[in-house]
Amino acid sequence: MAKPAQGAKYRGSIHDFPNFDPSQDAEALYTAMKGFGSDKEAILELITSRSNRQRQEICQSYKSLYGKDLIADLKYELTGKFERLIVGLMRPLAYCDAKEIKDAISGIGTDEKCLIEILASRTNEQIHQLVAAYKDAYERDLEADIIGDTSGHFQKMLVVLLQGTREEDDVVSEDLVQQDVQDLYEAGELKWGTDEAQFIYILGNRSKQHLRLVFDEYLKTTGKPIEASIRGELSGDFEKLMLAVVKCIRSTSEYFAERLFKAMKGLGTRDNTLIRIMVSRSELDMLDIREIFRTKYEKSLYSMIKNDTSGEYKKALLKLCGGDDDAAGQFFPEAAQVAYQMWELSAVARTELKGTVRPANDFNPDADAKALRKAMKGLGTDEDTIIDIITHRSNAQRQQIRQNFKSHFGRDLMADLKSELSGDLARLILGLMMPPAHYDAKQLKKAMEGAGTDEKALIEILATRTNAEIRAINEAYKEDYHKSLEDALSSDTSGHFRRILISLATGNREEGGEDRDRAREDAQVAAEILEIADTPSGDKTSLETRFMMILCTRSYPHLRRVFQEFIKMTNYDVEHTIKKEMSGDVRDAFVAIVQSVKNKPLFFADKLYKSMKGAGTDEKTLTRIMISRSEIDLLNIRREFIEKYDMSLHQAIEGDTSGDFLKALLAVCGGED
């Protein structure tokens, strides 16, 4: 069994079996495979209950007792994924890795993802053992084989990682950190073309502790995470390898949690990846992976394996997983602590919000007005010119263009655009031409008019706007529709949902920092109303009012502390608990507030993804978010989108829309990540 570092707690899910007797186990396995058919249940139960060191002793005893090779017998008796999993468990980790790499580079084509996963995640010691095991098992040089099967910068970085010479000193030089930040910046962002050698040298050799500080300083210096620069400057397998290295530097356990999730999400299961990770991490950090998985993906690793696999294969994987982590929304104690620490980090982090649409340099409203008039004059319409001008001007500049258009031609630019354009493109361009508060007011009006109410649009706007934005929306609504927003909401909604919306529509959210004592009191109220407090107090109606007031009026920094205290107090996540205990529009409104407080760009990234996934596109939501966030945080939304969904927002739009609407959306999106 792999030993944890001195003083560190063992975080594997597989332990040495007590009162271990290798001869007895060898006999049990022989009996399970003797005669017609094999007792797969007995095989999986025994092998998944022994540590890797113990399995090696069983192999020796088996050979001594029966003169046969246990792995060869298991291969003969078992089949498919179950065989691959059990045989993988019987090999020492280094030999298991060696076999995976040999398979990855044998035959036609190369499994680059396997090479990346193994070489980006292993420690120096593990790399040295892997190289020796490969030589022993195949009588070949691993470096030479990888050079023969790969090329370019991808090959160079793999070779660097294969040396197993990453620095391991935890003493970090601040001067060297600053120098590395400058070198990486100059090698990528500031250079015409990219100096890949600098990326390879720094990311391939510096210690983990050093690189974590480099990444922090890089974000402060450049305003973007190192991952964004890698995506912008590198490409192909080399880009994927460098991103994997960065993820493993930040957190190897989180990297594997993400790999496991992607191996099982969607149609089909990537069984080779699933097996490789479950085998290789079972005695290293499976408990950490489980905790991060639970926190990040709102479900336990155990439940996802259970729903995605079957038969003995499933049973064996679940044994390696080592247990279910709880009912939906609940953390087991260690995971609650991980979640608590994540909140601590997010409270410290100061992410600069950036839009994708910025004021145009050398702006000339007169020339723009004339160009737009020309684009709409006569037969046909020059949509390309309209898209180019309107998507590359800030909203303030568009208002100047409107004014100049009226001064020059005595015409209303909005009316002309409306008559010349149609469909989704018209909605997008006309939306961009409206001042933000008036656009939001119009979206709220449309959500409430006619038969039925678009509750999702009401929630999205009112739960995410700042006090200043809400006040501006109220003024715009009164000006445009001669009715107060509060009256409109009162007549179109009802019950607790109406009270929540009206509370949000007052724009009276506190704007100060956190108050720890009050945060604990607020967390207690949340625990009581969500029915997970040990000692409920007060009547339910009073608690509901207080809970609504907390979510609708407390400042964002304070609410982050409330959610953190809630986890500490209950081992539950407030968002998951609201989803479980509440229903309907009230639940959706509270969840939107919580998600917005946690990470507003991620909230919008999720909304955009859902507007485009599956059959059909929700063009209204897509258009509304692209317009409303274009000058606020659309760049941040793009980063969250690619991080969560493994595809860029640009790619998603490209795959889901077409024509001039597509062109305009991509221009607002502002680039490919």
Side-chain angles (χ1 to χ4, degrees), residues 1-2 10 12-100 102-103 133 136-137 260 263-264 269 271-284 286 301-324:
M1 184 168 73
Y10 178 68
S13 55
I14 299 293
H15 300 261
D16 280 333
F17 189 74
N19 306 316
F20 171 61
D21 183 337
S23 297
Q24 191 177 315
D25 285 351
E27 286 176 30
L29 288 171
Y30 182 77
T31 303
M33 292 186 283
K34 194 167 69 174
F36 186 72
S38 53
D39 185 349
K40 296 181 180 68
E41 189 82 36
I43 293 169
L44 83 84
E45 188 64 39
L46 192 149
I47 289 175
T48 58
S49 301
R50 307 298 186 268
S51 68
N52 192 276
R53 178 186 63 77
Q54 290 176 331
R55 292 182 208 122
Q56 305 318 308
E57 290 187 50
I58 295 168
C59 280
Q60 287 295 327
S61 293
Y62 194 90
K63 185 161 271 185
S64 300
L65 287 169
Y66 306 108
K68 300 174 76 172
D69 182 73
L70 176 54
I71 289 179
D73 280 3
L74 287 166
K75 279 183 175 180
Y76 180 79
E77 290 291 334
L78 309 176
T79 58
K81 296 173 284 193
F82 181 54
E83 177 222 318
R84 188 178 177 92
L85 175 60
I86 293 297
V87 168
L89 286 168
M90 294 308 301
R91 294 190 176 103
L93 176 61
Y95 284 81
C96 198
D97 280 351
K99 175 73 165 64
E100 289 292 319
K102 186 75 169 68
D103 289 347
D136 181 50
L260 284 167
M264 291 182 280
T269 305
D271 292 292
N272 286 355
T273 301
L274 180 56
I275 291 167
R276 184 170 58 244
I277 297 173
M278 295 303 289
V279 169
S280 65
R281 310 314 293 186
S282 61
E283 296 184 41
L284 296 173
M286 185 59 70
L301 175 59
Y302 187 98
S303 67
M304 197 160 183
I305 291 170
K306 193 173 179 181
N307 293 329
D308 214 63
T309 58
S310 60
E312 282 87 8
Y313 175 54
K314 173 171 81 175
K315 289 176 186 172
L317 287 170
L318 292 178
K319 288 274 287 180
L320 294 179
C321 182
D324 198 355

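Sequential numbering from 1 along the given sequence is applied to the chain's residues. Any value given below was found using the heavy atoms of this structure, including those in side chains, with hydrogens, waters and symmetry copies removed.
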Close side-chain approach of Thr309 to Leu318, heavy-atom, < 4.5 Å: no

Heavy-atom closest pair, residues Ser23 and Asp21: N-OD1, 3.1 Å

Ser303 backbone acceptor or donor facing Asn307 side chain under 3.5 Å: yes

Distance-only donor-acceptor check, side chains Tyr30 and Asp73, under 3.5 Å: no

Verdict with supporting geometry, Tyr66 and Glu27, side chain to side chain contact (heavy atoms under 4.5 Å, CB included): CA-CA 9 Å; Tyr66 306 108; Glu27 286 176 30; 3.3 Å; yes

Closest non-hydrogen atom pair between Arg91 and Cys96, with its separation: CB-N, 4.1 Å

Step-by-step side chain to side chain contact (heavy atoms under 4.5 Å, CB included) determination, Asp308 to Lys314: CA-CA 8 Å; Asp308 214 63; Lys314 173 171 81 175; over 6 Å; no

Distance in Å, Ile275 CD1 paired with Ser280 OG, rounded so as to fall on 0.5 Å steps: 11.5 Å

Closest non-hydrogen atom pair, Ile43 against Ala32: CG1-CB, 3.9 Å

Residue pair Gln60 / Pro22, side-chain heavy-atom distance below 4.5 Å: no

Separation between CD1 of Ile277 and CG of Leu260, rounded to the nearest 0.5 Å: 4.0 Å

Minimum heavy-atom distance between Ser51 and Asp16, given as atom pair plus value: OG-OD1, 2.6 Å

Test side chain to side chain contact (heavy atoms under 4.5 Å, CB included) applied to Leu93 and Leu284, step by step: CA-CA 11 Å; Leu93 176 61; Leu284 296 173; 4.2 Å; yes

Would you list the atom pairs, donor with acceptor, under 3.5 Å between side chains in residues 74-86 and any protein atom, with sequence neighbours excluded?
| residue | atom | partner | partner atom | Å |
| --- | --- | --- | --- | --- |
| Arg84 | NE | Asn272 | OD1 | 3.2 |
| Arg84 | NH2 | Glu100 | OE2 | 3.3 |

Short side-chain to backbone donor-acceptor contact, Ser13 and Leu320, under 3.5 Å: yes

Atom of Ala26, atom of Leu65 and distance for their closest heavy-atom approach: CB-CD1, 4.0 Å

Check: Tyr95/Asp136 side-chain N/O donor and acceptor closer than 3.5 Å: yes

Where at least one partner belongs to residues 33-44, residue pairs that pass salt bridge (charged side-chain N to carboxylate O under 4.0 Å, His left out), sequence neighbours excluded: Glu41-Lys315

Distance (rounded to the nearest 0.5 Å) between Thr48 OG1 and Leu317 CG: 10.0 Å

Donor-acceptor contact below 3.5 Å, side chain Glu283 vs main chain Asn52: yes

Separation of Ser49 OG from Leu44 CG (nearest 0.5 Å): 8.5 Å

Between Asp271 and Tyr313, a side-chain donor and acceptor under 3.5 Å: yes

Partner of Asp25 under side chain to side chain donor-acceptor pair (under 3.5 Å), chosen from Arg55, Gln54, Arg50: Arg50

Gap between atom CG of Leu29 and atom CD of Gln24 - 0.5 Å precision: 11.0 Å

Value rounded to 0.5 Å, distance of SG in Cys59 from CD1 in Ile71: 5.0 Å

Minimum heavy-atom distance Cys321-Met286, with the two atoms named: O-CG, 3.8 Å

Contact check, side chains of Met90 and Gln56, non-hydrogen atoms, under 4.5 Å: no

More than 12 heavy atoms of other groups within 6.0 Å of Lys306 NZ: no

